[in-house]
Amino acid sequence: MFEKVQITKIEENQVEVVPLITDACINCNKGSCGKRGTPFYVVNPKKVEIKIGDVVLLKNSLVFQIFQAAFSLVLPVLAAIAGYFLMPEKESLQVLGILLGFGITAAIVTITSRFLPPVKSQIDRVL
């Protein structure tokens with residue numbers, strides 16, 4: 001995933017950026033009216049030469065994206081399938097097993113994501 005952002009502040013260990021939202025208007029062909037989003041912090045592990053006002057592309061780690069997809073998407077689906085097969089062969093109980101399996105793991109994912117520190121995006125290159 002790449003995201004276009006503008007640098008607003010450079011600190012020692014992190015950089016404050018503001019997302020540039022330019023794809024909000026589908027029928028508009030003007031590229032100069034992009035909106036600015038809420039500022040957030042990123043890291044610069046590649047030590048890319050940057051200055052305030054630069055527009056850069058952000059990148060997230062592929063390993064983190066795979067972990068996030070597996071944890072938030074695959075785990076609840078597998079739990080729902082397991083719930084189906086673990087319940088007795090009565091249709092209403094199997095549906096209950098699906099809902100419980102999916103619901104419990106979805107709640108665990110939601111609660112866990114609230115307490116884990118967010119992984120910061122990385123500056124990939126200056127545009």
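Here, residue 1 is the first one in the sequence, and each next residue gets the next number.
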Indicate if Ile50 and Val43 have the same hydrophobic cluster label, given that clusters are the connected sets of ILVMFWY residues with side-chain heavy-atom separations under 4.5 angstrom. no
Could you give the distance from CG (Leu99) to CD1 (Ile104), rounded to the nearest 0.5 Å? 10.5 Å
So, do Lys46 and Asp124 sit near enough that their side-chain heavy atoms are less than 4.5 Å apart? yes
Parallel, tilted or perpendicular: ring planes of Phe71 versus Phe67, cut at 30 and 60 degrees: parallel
What are the two closest non-hydrogen atoms of Thr105 and Phe102, and how far apart are they? OG1-O, 3.2 Å
Are the side chains of Val17 and Gln6 in touch, meaning some heavy atoms are under 4.5 Å apart? no
Specify the closest pair of heavy atoms between Gly101 and Ala79, including all atoms of both residues, with the distance to one decimal. O-CB, 3.3 Å
Would you mind reporting whether Val15 and Ile123 have side-chain heavy atoms less than 4.5 Å apart? yes
One should read off an interatomic distance between Leu93 CG and Ile98 CD1, to the nearest 0.5 angstrom, of 11.5 Å
What distance do Tyr84 atom OH and Glu89 atom CD have between them, rounded to the nearest 0.5 Å? 7.5 Å
According to a 4.5 Å side-chain heavy-atom criterion applied to Ile, Leu, Val, Met, Phe, Trp and Tyr, with indirect links allowed, do Val74 and Ile81 form part of one hydrophobic cluster? no
So Val48 and Arg125, do their side chains get closer than 4.5 Å, heavy atoms only? no
Any side-chain to backbone donor/acceptor pair from Thr8 onto Glu16? Under 3.5 Å, distance only. yes
Heavy-atom closest pair (Pro76 atom, Val109 atom, distance to 0.1 Å) is CG-CG2, 4.5 Å
If I take atom CD1 from residue Ile10 and atom CD1 from residue Ile52, how far apart are they, to the nearest 0.5 angstrom? 5.0 Å
Would you give the length of the straight line joining atom CG of Leu127 to atom NZ of Lys4, rounded to the nearest 0.5 angstrom? 6.0 Å
Which heavy atom in Gly97 sits nearest to a heavy atom in Met87, and how many Å separate them? CA-CG, 3.6 Å
Counting only N and O atoms by type, is there a donor-acceptor contact under 3.5 Å from the side chain of Ser113 to the main-chain atoms of Thr110? yes
Linking I/L/V/M/F/W/Y whenever their side-chain heavy atoms sit closer than 4.5 Å, directly or via other members, would Leu75 and Leu100 fall into one cluster? no
So, taking the atom named CD in Gln94 and the one named CG in Leu86, what distance separates them when rounded to the nearest 0.5 Å? 10.5 Å
Is any side-chain heavy atom of Tyr41 closer than 4.5 Å to a side-chain heavy atom of Lys9? yes
